[in-house]
Amino acid sequence: QYPDLTLGGGYGTDEGQSRILFGAGLPLPLLNRNRRAIAEARANRDVARAAAEGELEDLVGRFFRVALAAEAARERRRLIETDVVPLADRQVDDLRRLGRLGDFNTVILLEALRTGYDAKVQLLEAMAAEAAAANELNALGGAGVAPRRGEKDGQR
């Protein structure tokens, strides 16, 4: 960066004498105090701060949405695991027990087996959704998301 140097020259008379004039000037910003550059730097800093705050708000909002989805997936998995699958298994066991006693109906048993299979597929899908939500939480910076009790390294 070069200083704002001004050069000048001319011809003039002073008290009857002719003179050739030469001059150089170097403005010193004593009163300006570089206000323009300071104002531009502050404006740029404010713009950067606003952009960073916007990104942070987006990230926090996404984190909480994913946290809610993870909690919903966890609850869905728990419900299927503790209620639906045991009921389907119990229904198949009851129908088999009835079949051993002589009251065997293949259509009803087939339907119960299909229902049990569907319940176990839903359980696997719920477990996958829960794991995907936990992975997304970890990717968003929630590395402290711990597995449920009794689990080690993501094993169930």
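Quick note: residue numbers are just sequence positions, from 1.
- For Ile20, the CD1 atom is loosely surrounded, since the number of other residues' heavy atoms within 6.0 Å does not exceed 12.
- The minimum heavy-atom distance linking Ser18 with Tyr11 is given by the pair OG-OH, 2.8 Å.
- Using a 4.0 Å cut-off between a side-chain N of Lys or Arg and a carboxylate O of Asp or Glu, Arg90 and Asp93 do not qualify as a salt bridge.
- Atom CG in Leu109 sits 11.5 Å away from atom CG in Asp94 (nearest 0.5 Å).
- Nearest heavy atom pair, residue Glu136 against residue Arg62, reads OE2-NH2, 3.3 Å.
- In this structure, CG on Asp58 lies 12.0 Å from CD on Glu53, to the nearest 0.5 angstrom.
- The CZ atom of Phe64 sits 10.5 Å away from the CG atom of Leu59 when rounded to the nearest 0.5 Å.
- The two residues Ile108 and Asn105 make their nearest non-hydrogen contact at CD1-ND2, 3.2 Å.
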Practice task
With side chain to side chain contact (heavy atoms under 4.5 Å, CB included) as the test, would you mind laying out the steps for Leu123 and Arg77 before giving the verdict?
Solution key: CA-CA 6 Å; Leu123 177 61; Arg77 185 221 19 99; 3.9 Å; yes
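- Cluster membership for Val92 and Val107, using ILVMFWY side-chain heavy atoms within less than 4.5 angstrom, is not shared.
- The pair Glu71-Arg74 meets the salt-bridge criterion, since a charged nitrogen lies less than 4.0 angstrom from a carboxylate oxygen.
- Salt bridge status for Asp46 with Arg42: absent, with no side-chain N to carboxylate O gap under 4.0 Å.
- Smallest separation of non-hydrogen atoms from Val66 and Ala133: CG1-O, 3.7 Å.
- Taking every heavy atom of both residues into account, Leu95 and Ala112 meet most closely at CD1-CB, 3.4 Å.
- The minimum heavy-atom distance linking Val84 with Ala119 is given by the pair CG1-CB, 3.7 Å.
- Considering Leu113, Val121, Thr115 as possible partners of Tyr117, the one that fulfils the side-chain contact (heavy atoms from CB on, under 4.5 Å) test is Val121.
- Taking CD of Glu130 as the reference point, atom CZ of Arg76 lies at 11.0 Å (rounded to 0.5 Å).
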